[in-house]
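Chain naming here is simple, since letters A, B, ... match the order of the sequence lines and numbering starts at 1 in each.
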Amino acid sequence: MSERRKQYPFDKIETKWQSHWDQQGTFKSLNPGDEGFDPAMPKFYALDMFPYPSGQGLHVGHPEGYTATDIISRYKRMLGFNVLHPMGWDAFGLPAEQYAIEHGIHPRDTTAKNIAYFKQQLKSIGFSYDWDREINTTDPAYYRWTQWIFLKLYNSYYDEGNQAATPIVELMEKRKEEYPDENATEHRSFIDKHRLAYIDEVAVNWCQALGTVLANEEVVDGKSERGSHPVERKPMRQWMLRITAYGDRLIEELEDLDWPEGIKSLQRNWIGRSEGADVHFELPGTGNKVTVFTTRPDTLFGATYMVLAPEHPLVDEVAEAEHSESIDNYRNEIATKSDLERTDLAKSKTGVFTGGYAVNPINGEEIPIWIADYVLMTYGTGAIMAVPAHDDRDNEFAKQFNIEIRAVVQPKEEENDETSCFTGEGIAINSPLIDGLQTTEAKEVVTDWLGNNGFGKRAVNFKLRDWLFSRQRYWGEPFPISWDNEGGHHAIPEDALPIQAPEMEDFKPTGDARPPLSKAKEWVNHEEGYKRETNTMPQWAGSCWYYLRYCDPNNAERFISTEAEKYWMNVDLYVGGTEHAVLHLLYSRFWHKVLYDLGYVKTKEPFQKLINQGMILGEDGQKMSKSRGNVINPDTVIEEYGADSLRLYEMFMGPLEQVKPWSNKGVEGVHRFLARVWRLFMENSQEGEWVLSSKIKEVEPSKQQLKVLHETIKKVTHDIESLDFNTAIAQMMVFTNAFTGAEERPIKELTIFLQLLNPFAPHITEELFAIIAEIFPQIIDKNEISKMPWPEYDEKYLIEDEVEIVIQVNGKLRDKMITCKNDSEEEIKFQCQELEKIKPFLEGVTVRKIIVVPGKLVNIVAN
RNA sequence: GCCGACGUAGCCCAAUUGGUAGAGGCAAACGACUUAAAAUCGUUCAAGUGCGGGUUCGAGUCCCGCCGUCGGCACCA
């Protein structure tokens, strides 16, 4: 197209208005306290998930969600809202560091370069961001507060009584009252075990290639999510965040959020709450006991063996000497296998008998204790009671090793499926205490019995694990922590923040578990007797609270002022990809709740409404990727068709949440539409210049034109509200088609149309509006369309005097008939039976009933 | 295996939530304009809604059972 004449001068228009908005500060939003701030104005907070500024620049997936929030933002402004619509950079992270290592360039420099490129690209699409609120997670002025929030976590514990994070000093005082004689070390160790940010020795996912540990969530099929490098299990001392304390609240408080059900259930699933009971099994002759967790205490009578995780601390105690060799062999075998191999081998169960026995508290029976890797040390108590009659895994294991299978639950209905074991609910049998009871009741009775006799208690478990929060990298937030020579950790005072990483020539991984920062000796040994923590925070840290900082981005005193927080929060609309359905959204909800508990924010949840945009596929229907060669670059689209066409096409492709393939023909289609809009207003003069069309006049619109206009206002308004942008655009095409043929084009009505189109295609509409404003100052007294109020529709123009309705006989379409809006049902019933085409169908049959749907149809039921 | 989304003209998608299957775009065909083409304008074409049952006067829409595509989880006791 570049060689051909452009259908309209979008290239000139777009850059012109982009710099106009920039210079005029058109989209600046005011905070409470700012000059000109109007407290009566309602607020709207439209947020995009901020991008990681990669070296590749934007791909067409980015502007999909961004255009949606931009349309909403522009629309809400025209409705009179004070709109917060910001953008920023999630700029810490592995790719920049990897690139830095490979090319010897400081990640700060590559990051700055990438951000500049992203920003220029975003500006070229005409998004109405308030760039004065731009934030960058790698800016010390920003991560100072990330570190500050970490200190809040460090200095808090979860008070089970109040179900809330509470300052750790309160726990210290309580402890001192209860244990006045406890020595300082013991006191300290108790306190440190209760912090929301704590140190623990855990089996971590160590990735040698990346030189860092990874969170469980960052490991996919035993490989690193980024780069697909092998990951191994390795015990290391790491910072952990106690997200599990919030398990219940993270589930319960999803309830009132306006999120897609799918995402809610994804989160519930991930948190994986299950209710059941802890049951104590005595180890005869030792005085010791093993506790298991079960969700089916009603099947206790059917427990015919017990399984400990191979790593369970009591294995050595229960093991008989004659079995110790096979146990050792088995454990070694497990240890050398990666997670991937362990799950691969899941097809058949493995395990060994320990030689030990445990006493089933409910019937005094001694059952054999096995170890097997299908029991995980990291879930529940790391031990289970096995009920092979009613659990698939136990069933498989028992069959493999010829262990007794004892049925204790009878299906309610005859479900003669003998091939698999029965895991559903039914009636208890072979269980003296609960025979005849149904499952729900039986669970209660057994749990109560266990509690009353000291053999156990009600218990809840989560699949969710605490959040592994350390990374062995350079390009991340340093921890505000230093260590004394006795191995005790100390918070660095708030007024010393931010803690900045030292300038280093060499920030390559050390090749072992020591982080790169450990090489900066001077920085580490910052104070006599103290060494700095050399791990850094994971990339998720910065994105956990960025939505708060946008509200008050330049506050040097506080992470957000109380006024700004109270005014702007919470986020009214949050748009981003499903890939963040669990990680980012769970982590930031967790941090938000901690800040809420500690009184720093007023809302329990950060994101009221969430929408996930669907992925955009390549033209071949495959995921876009360099190797497939099907990547569409937004820059090229803008160059050929303009930003308005890109925006419009992204929205016209289909429903926002749906996955859909790109089509260059489709872009041409919407581009043609914009060109039609242009020619609705403009024509070529004899000199070949674009001038206002001579058909544009101050005339009264026809009744038909008014109807189309008001239909369009109505549909576009409703569709924007419900985020159905594709159908809103279709309606605007209808409008354009209806007005294209008109010899006289009423200026007032066409201007209203421009306002409707403005949030979608801001450049062309600003330009046309400005041209009209100049020629018809008596009609338009503003010079920016962005400043115009949103049009309203009037139902009276939508009502038709005459409507064609459908006549059916027994549900089959037989004729059509014109009715007046005043016709009564009786009249219509009578009239339709008189129709020539209908009569033959009514001959020789009895009319049983006539259904009239006003303005729609009549159905004559006859036989 | 479990959870979720989706399945409507050749393609992308609509359908007032139970009321004429078609709004819009792409593609195709024809016509007008043109020396011709492109662009533009106009006209036309097409599926009975993945499959099988059911409820109803009436089902793309509700219910039951399958099939297919995509995404997520996957020894969580």
Side-chain angles (χ1 to χ4, degrees), chain A residues 1 4-5 7 260-266 268-270 272-274 276 292-296 299 307 342-343 345-347 349 372-376 378-387 390-394 396-397 420 461-465 578-579 581-582 612 614-615 617 621 623 648-649 652-655 657-670 672-673 675-676 679 711 715 718 724 726-737 740-741 804-813 815-816 848-863:
Chain A
M1 174 165 287
R4 290 203 308 267
R5 192 171 184 285
Q7 292 202 37
E261 259 323 300
I263 302 299
K264 285 191 185 182
S265 68
L266 223 59
R268 285 193 203 102
N269 212 317
W270 189 266
R273 181 184 200 273
S274 40
V292 304
F293 172 72
T294 178
T295 55
R296 293 296 298 269
T299 62
V307 186
R342 265 170 90 153
T343 44
L345 291 173
K347 309 234 151 59
K349 297 266 180 291
D373 70 349
Y374 83 90
V375 173
L376 311 172
T378 45
Y379 181 78
T381 61
I384 62 156
M385 63 179 216
V387 184
H390 305 292
D391 179 282
D392 287 324
R393 297 149 301 182
D394 300 343
E396 196 187 325
F397 190 85
S420 67
N461 261 298
F462 295 98
K463 267 163 53 173
L464 181 71
R465 310 289 150 79
T578 341
E579 66 272 23
V582 278
N612 293 116
M615 204 187 351
L617 307 172
K623 204 169 165 173
L648 214 56
Y649 179 64
F652 189 62
M653 293 172 80
E657 300 191 65
Q658 204 157 298
V659 178
K660 47 218 175 261
W662 186 268
S663 155
N664 276 324
K665 287 284 185 191
V667 187
E668 281 179 34
V670 293
R672 276 202 284 267
F673 162 65
R676 281 157 70 93
R679 290 194 310 270
E711 274 172 353
K715 181 130 185 79
H718 291 325
D724 293 314
N726 53 329
T727 48
I729 294 166
Q731 179 62 36
M732 290 189 280
M733 289 172 169
V734 171
F735 179 95
T736 311
N737 294 343
T740 299
E804 188 181 55
I805 64 167
V806 172
I807 315 298
Q808 297 180 335
V809 179
N810 290 330
K812 289 204 176 75
L813 178 64
D815 200 3
K816 292 176 183 179
R848 299 290 174 194
K849 120 168 116 161
I850 302 178
I851 291 145
V852 179
V853 182
K856 291 285 179 192
L857 60 70
V858 176
N859 189 10
I860 303 168
V861 186
N863 58 17

Notebook entry, point to check: Quick one: is B/C26 close enough that its OP1 or OP2 comes under 4.0 Å of any side-chain N or O from A/Arg672?
Noted result: yes
Notebook entry, point to check: Just to confirm, is there a sub-4.0 Å distance from OP1 or OP2 of B/C13 to any side-chain nitrogen or oxygen of A/Gln658?
Noted result: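 It does, given that an N or O in the side chain of A/Gln658 lies less than 4.0 Å from OP1 or OP2 of B/C13.
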Checklist line | In B/U17, glycosidic geometry as syn within 90° of 0 or anti otherwise | finding: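 Glycosidic conformation of B/U17: syn.
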Next item on the list: Would you mind calling B/G48 syn or anti? Take O4'-C1'-N9-C4 for purines or O4'-C1'-N1-C2 for pyrimidines, and syn is within 90° of 0.
Entry: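 Syn conformation here, the glycosidic angle of B/G48 being no more than 90° from 0.
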Between [M] and [N] - [atom1] atom distance, rounded Å:
N     : M     : atom1 : answer
B/G50 : B/G60 : C1'   : 12 Å
B/U56 : B/U61 : P     : 16 Å
B/C75 : B/C62 : C1'   : 38 Å
B/A29 : B/U69 : P     : 34 Å
B/A9  : B/A14 : P     : 13 Å

Counting only distance, no hydrogens or angles, is the base of [N] paired donor-acceptor with the side chain of [X] under 3.5 Å?
X        : N     : result
A/Lys856 : B/U16 : yes
A/Lys660 : B/C13 : no
A/Lys816 : B/U20 : yes

Check: What is the distance from CG of A/Asn726 to P of B/A23, rounded to the nearest Å?
Finding: 17 Å
Notebook entry, point to check: When rounded to the nearest 0.5 angstrom, what is the spacing between CG in A/Asn737 and CZ in A/Arg676?
Noted result: 4.5 Å
